[in-house]
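Report on the following structure.
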Amino acid sequence: MERSSLLDRLRGLALVGLGGFAGATSRHAVAVAASAPELGTLAVNVAGSFALGLLLDAARRTDAVSQRTRLLAGTGFLSSFTTYSAFAVETAALAPRWAVANVVANYAMGFLAVVLAGLVGRWTA
């Protein structure tokens, strides 16, 4: 492997790691501030879905989003900020009625957040 290729890979890993640290720390801050763990998880999943939708829409339609930005913000920050694994664990611990409501809320609101992000991206373009 060439030296420049190895350095590029290490830079990419560092960006993902830095973004992941910031995303996980931000998620923890939201979880601490939330009145219930499920509400904090819902908030980060919806907000993260919206932000990822904006980022990917901008990356798809423009050259304004660099590969480094995608690694730092998308792969690093937003993948650590959102937590569909915590959502699954929390759902399993809920009573059946609340578990169904939690699944519907996370998936419906997350999907709507992505659609809204696409509309916002087109509106601002």
Side-chain angles (χ1 to χ4, degrees):
M1 180 178 296
E2 291 184 34
R3 184 177 178 166
S4 63
S5 178
L6 177 61
L7 288 175
D8 287 343
R9 286 180 181 224
L10 290 174
R11 280 189 200 112
L13 287 172
L15 289 170
V16 171
L18 181 64
F21 174 77
T25 302
S26 299
R27 173 170 40 102
H28 179 71
V30 172
V32 168
S35 59
E38 297 84 6
L39 293 178
T41 300
L42 178 63
V44 297
N45 285 343
V46 172
S49 295
F50 180 79
L52 189 58
L54 283 178
L55 179 72
L56 294 180
D57 184 66
R60 182 180 59 86
R61 293 187 305 110
T62 71
D63 293 331
V65 182
S66 70
Q67 176 68 18
R68 289 181 179 173
T69 300
R70 282 186 275 176
L71 286 174
L72 178 70
T75 306
F77 183 85
L78 292 171
S79 68
S80 292
F81 183 67
T82 58
T83 176
Y84 280 88
S85 59
F87 149 70
V89 170
E90 291 166 358
T91 299
L94 292 171
R97 181 181 302 170
W98 287 110
V100 170
N102 198 39
V103 168
V104 170
N106 270 275
Y107 282 114
M109 293 176 74
F111 180 75
L112 288 174
V114 171
V115 170
L116 182 60
L119 293 174
V120 168
R122 288 190 183 113
W123 181 64
T124 57

Q: Any side-chain hydrogen bond (donor to acceptor under 3.5 Å, both in side chains) involving residues 91-113? Give me the pairs, sequence neighbours left out, ordered by first then second residue.
A: Asn45-Asn106, Thr91-Asn102, Asn102-Asn106
N/O donor-acceptor pairs under 3.5 Å from side chains in residues 35-43, not counting sequence neighbours:
from: Thr41; atom 1: OG1; to: Pro37; atom 2: O; distance (Å): 3.1
from: Thr41; atom 1: OG1; to: Glu90; atom 2: OE1; distance (Å): 2.9
from: Thr41; atom 1: OG1; to: Glu90; atom 2: OE2; distance (Å): 2.9

Same cluster or not: [X] versus [Y], using hydrophobic residues (I, L, V, M, F, W, Y) connected whenever any side-chain heavy atoms lie under 4.5 Å apart?
X	Y	result
Val16	Leu18	yes
Phe87	Val44	no
Leu54	Val114	no
Leu56	Val65	yes

Could you pull out every donor-acceptor pair under 3.5 Å between side chains of residues 117-125 and any protein atom, sequence neighbours left out?
from: Thr124; atom 1: OG1; to: Val120; atom 2: O; distance (Å): 3.0
from: Thr124; atom 1: OG1; to: Gly121; atom 2: O; distance (Å): 3.2

Q. What residue pairs, at least two apart or across chains, pass ring-ring contact (aromatic ring centres under 6.0 Å, His included) with a residue in residues 34-66?
A. none
Q.
Using the side chain to side chain donor-acceptor pair (under 3.5 Å) criterion, which residues pair with Thr69? Sequence neighbours excluded.
A. Ser66
Q: Return the set of residues passing side chain to side chain donor-acceptor pair (under 3.5 Å) with Arg61 (not counting sequence neighbours), or none when no residue passes.
A: Asp57
Q. Can you tell me how far the CG atom of Leu55 sits from the OG1 atom of Thr75, to the nearest 0.5 Å?
A. 9.0 Å
Q. Can you tell me how far OG of Ser49 sits from CG of Leu116, rounded to the nearest 0.5 angstrom?
A. 11.5 Å
Q) How far apart are the closest heavy atoms of Gly110 and Val46, and which atoms are they? A) N-CG2, 4.2 Å
(Q) Arg11 vs Asp8, test: side-chain contact (heavy atoms from CB on, under 4.5 Å). Steps then yes/no. (A) CA-CA 5 Å; Arg11 280 189 200 112; Asp8 287 343; 3.1 Å; yes
Q. Remaining members of Val104's ILVMFWY cluster at a side-chain heavy-atom cut-off under 4.5 Å?
A. Val100
Hey, can you pull the donor-acceptor pairs under 3.5 Å for the side chains in residues 25-34, sequence neighbours left out?
from: Thr25; atom 1: OG1; to: Phe21; atom 2: O; distance (Å): 2.7
from: Ser26; atom 1: OG; to: Ala22; atom 2: O; distance (Å): 2.8
from: Arg27; atom 1: NE; to: Ser80; atom 2: O; distance (Å): 2.9
from: Arg27; atom 1: NE; to: Phe81; atom 2: O; distance (Å): 3.4
from: Arg27; atom 1: NH2; to: Ser80; atom 2: O; distance (Å): 3.2

(Q) Holding to salt bridge (Lys or Arg N to Asp or Glu O under 4.0 Å), I want the full list of residues that pass it with Arg68, two or more places apart in sequence or in another chain. (A) none
